[in-house]
Protein chains: 4
Amino acid sequence: MTSADQSTPPQPPARRARRADAERNRAAIIEAAGVVFAEQGCAVDVREIARRSGVGMGTLYRHFPTKDDLLATVMEREFTSWLTAAHEAAAATEDPWEALTGFFEQTLDNQAHNRALVETYTATGAPARECARHRDAFIDELRIRCVDAGLLRDGVTTADLVLLSTSLSQAVQAADDSRPGQWRRLLRISLDGLSSRNTEPLPESAPHAGAAT
Amino acid sequence: MTSADQSTPPQPPARRARRADAERNRAAIIEAAGVVFAEQGCAVDVREIARRSGVGMGTLYRHFPTKDDLLATVMEREFTSWLTAAHEAAAATEDPWEALTGFFEQTLDNQAHNRALVETYTATGAPARECARHRDAFIDELRIRCVDAGLLRDGVTTADLVLLSTSLSQAVQAADDSRPGQWRRLLRISLDGLSSRNTEPLPESAPHAGAAT
Amino acid sequence: MTSADQSTPPQPPARRARRADAERNRAAIIEAAGVVFAEQGCAVDVREIARRSGVGMGTLYRHFPTKDDLLATVMEREFTSWLTAAHEAAAATEDPWEALTGFFEQTLDNQAHNRALVETYTATGAPARECARHRDAFIDELRIRCVDAGLLRDGVTTADLVLLSTSLSQAVQAADDSRPGQWRRLLRISLDGLSSRNTEPLPESAPHAGAAT
Amino acid sequence: MTSADQSTPPQPPARRARRADAERNRAAIIEAAGVVFAEQGCAVDVREIARRSGVGMGTLYRHFPTKDDLLATVMEREFTSWLTAAHEAAAATEDPWEALTGFFEQTLDNQAHNRALVETYTATGAPARECARHRDAFIDELRIRCVDAGLLRDGVTTADLVLLSTSLSQAVQAADDSRPGQWRRLLRISLDGLSSRNTEPLPESAPHAGAAT
DNA sequence: TATGAATGAGATTTCATTCAT
DNA sequence: GATGAATGAAATCTCATTCAT
């Protein structure tokens, strides 16, 4: 800051340096926003995020033109990293049913303490269309594996499983403070209801909006 | 006050007169607030409610000294009327399992399109302690009836059923726009998981905060 | 209210009765307002006064078209009754100096616990011109008695005495909670400064606005 | 920070830059608030202050999170600068009695046209405990100087002098519009009553709340 | 480019006064 | 004439976003 400033030429300041700095800022913002959104939900004051990121408001808004953009970015990242981990875990699990179970556990573990995640999950069903598609595709895989192994109840759709994960996420959110771990019981109950031991047909759901098996 | 009232309908108006109007306003406010809260959640502008009630801000605040008071009143009313209806339905249903099923259906039907109701349900588990107690007591009855009839899976607690209802409520909220009625499938799955056909024990939940049953 | 109502002809309802009722209401309002203003100052909610009067807002506003009218009326009454009492006391006191002293004591005793009175006293120097004139005339009498008896310091004007009473009133208001009775010391000090033992001349005050002696 | 500053005026700006502007705004707000509070008392609309400062509401509230904070800051500043000046004047005055007199004059000169200052002075005896302590300590010094010189009436306490200053402040407030400068006469009277020429003992004040001296 | 101060529309709440019954 | 519910213009305070430095 003192003697160094005087010696380094001010004009060609290695654009990479800027980039790196900017990137670091961006990362810091996302990181901080992730924590803050998780703790306090989507409605937090943007300044809280700036403060925890260690950057100014201007910087924050340079990277994310809108609070919603920031939120979307953060949610998408968390969503994606969760999906990636889920993919890996599923790939490493031989037993189809265990893979399905593991997916749910991972999901809920992940969302138990993330307020914003659940809020957005609820609002739109997913942070973004793209993410939702990935998730659906993945869940579909898990489903098919179970179906092929004859483990899944007849007629259970991907949409059912998606809805179940949404549903349980929120239960976890709501209850984990007062009764930590209780959601595992609920998960078990639901999964048992999904098993092929249950032979009675499920009710038809009205074939309304843009649906798919 | 009893027999006298029936014989003398002369002029009981006096101070009742204005009361009636006020009562109508109060009702209008609650009505409008119910609609608005349901549509847009707890965070709506109070003025929107005043506008839709057809009353001024002052009137609204005369009846409900705080936005939260209004919200609480509305939620409590909806909660209570739901519980009452549920009671009646359960009393009229002989079969314990059908009673349980009916309770869940009624609950979800009721909450499918009420954003504020789900928001408060999530936040506190219920509009108010008192309401929650009633609900828990009622669910407990339903549970016991099923247990006595040997229909309920071993080890299922009232807390489990409460959590399930919370969980499903939110799923309904999230999904009913795009897939109306799909929740019935999820409900079926969950209930099947609750039946005594499932004999494997449920995982213990950490006996943390103020638990019961 | 019961049998009596039926026997008395409803048309010519003895206008006196109304009058009497209205008068009673008016008195109740003034009474309650006096208490409330004294306790909480001029800025109280009008409804508090209506409540304590036992009358409705409409009645209150029928008698006093404005909050300020009510305040003025109340202040004037208290001011007047204080002046009347002061007159009587002064008339009953032979010694001029004692009369002056007694006047101040009475004044301060009276205002020690009346917030609104001091507030208005401060604001305008008096509740109303008329009242102020009476007060000034009376204080002038007291002054002249002392002057004639050679007891009052040379050059002390009525305005000086008025200002002194204002000044002390507020001191009483401010301090009487924490140090009840301390004002008597201050009064003594001031009065000693007023005695003819003090021979040095007082500074001239700028002969500004509409002044008199 | 001392000698270095004088030699190197290169670029100490950096983060000071914006600070300076903010500081100017803060000063403008305090300045404007001082004027407005003085003119109209504590109850003014905050927006009036914002308007006169030339800043938006947000800026005002960034600097002072509450109207009361702003008021307290302003009052404290005025109180403190007054005390400082009083200290200096007293230190520069040899004669104890003249020092005491000068203190009162300065005080009243200062408060003659400041409504808010008198209002808070009345309400709490001072803008804040801390300030009051300083004032009391200072007045105590003045008192002791007079006592040591045998100039002060026997038994006069610091509390008496404090109350006197409060009392006169308000008198000034009330009367200075119509009779500017009249307070000097009242001050003279009171001070004469405080001189050791008066030998009669002062009445005891009830030894109530937290008293001293 | 980064900073964080500034902005100002809007949210909640109060209260003097009016008006339907 | 009495009642007290209704009114709505303020007043305080918040926060997403912009902008001067």
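Per chain, numbering begins at 1; letters A, B, ... match sequence-line order.
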Closest to the 5' end of DNA chain E, once B/Pro65 and C/Gly58 are matched to their nearest nucleotides, is B/Pro65
On DNA chain E, check which nucleotide each of B/Asp45 and D/Arg26 is closest to and give me the residue with the more 5' one. D/Arg26
Map C/Thr59 and A/Ala43 onto DNA chain F by nearest heavy atom, then report which one ends up closer to the 5' terminus. C/Thr59
Which residue lies toward the 5' end of DNA chain F, D/Thr66 or C/Gly54, if each is placed at its nearest nucleotide? C/Gly54
How many Å lie between [atom1] on [X] and [atom2] on [N], as a whole number?
| X | N | atom1 | atom2 | result |
| --- | --- | --- | --- | --- |
| D/Met57 | F/dC13 | CE | P | 8 Å |
| B/Asp21 | E/dA20 | CG | P | 11 Å |
| A/Leu60 | F/dT18 | CG | P | 12 Å |
| D/Glu23 | F/dT21 | CD | C1' | 16 Å |
| A/Leu70 | F/dT17 | CG | P | 11 Å |
| A/Asp68 | F/dC15 | CG | P | 16 Å |
| C/Glu48 | E/dA16 | CD | P | 12 Å |
| C/Ile49 | E/dA16 | CD1 | P | 9 Å |

Less than 4.5 Å apart, side chain to side chain, heavy atoms only: is that true for C/Thr120 and C/Phe79? no
Between [X] (side chain) and [Y] (backbone), is there a donor-acceptor pair under 3.5 Å?
| X | Y | result |
| --- | --- | --- |
| D/Thr73 | D/Asp69 | yes |
| D/Thr59 | D/Val55 | no |
| A/Lys67 | A/Val44 | yes |

Please classify the nucleic acid contact of A/Arg62 as base, sugar-phosphate, or nothing, using heavy-atom distances under 4.0 Å. sugar-phosphate
Restricting to non-hydrogen atoms, name the atom on C/Arg115 and the atom on C/Phe37 that form the minimum distance, rounded to 0.1 Å. CB-O, 4.0 Å
Taking only side-chain N and O atoms of C/Asn25, does any of them lie within less than 4.0 angstrom of OP1 or OP2 on F/dG1? no
Do the side-chain N or O atoms of B/Arg47 get closer than 4.0 angstrom to the phosphate oxygens (OP1, OP2) of E/dA11? yes
F/dA20: pairing nucleotide in any strand, Watson-Crick or G-U under 3.5 angstrom: E/dT3
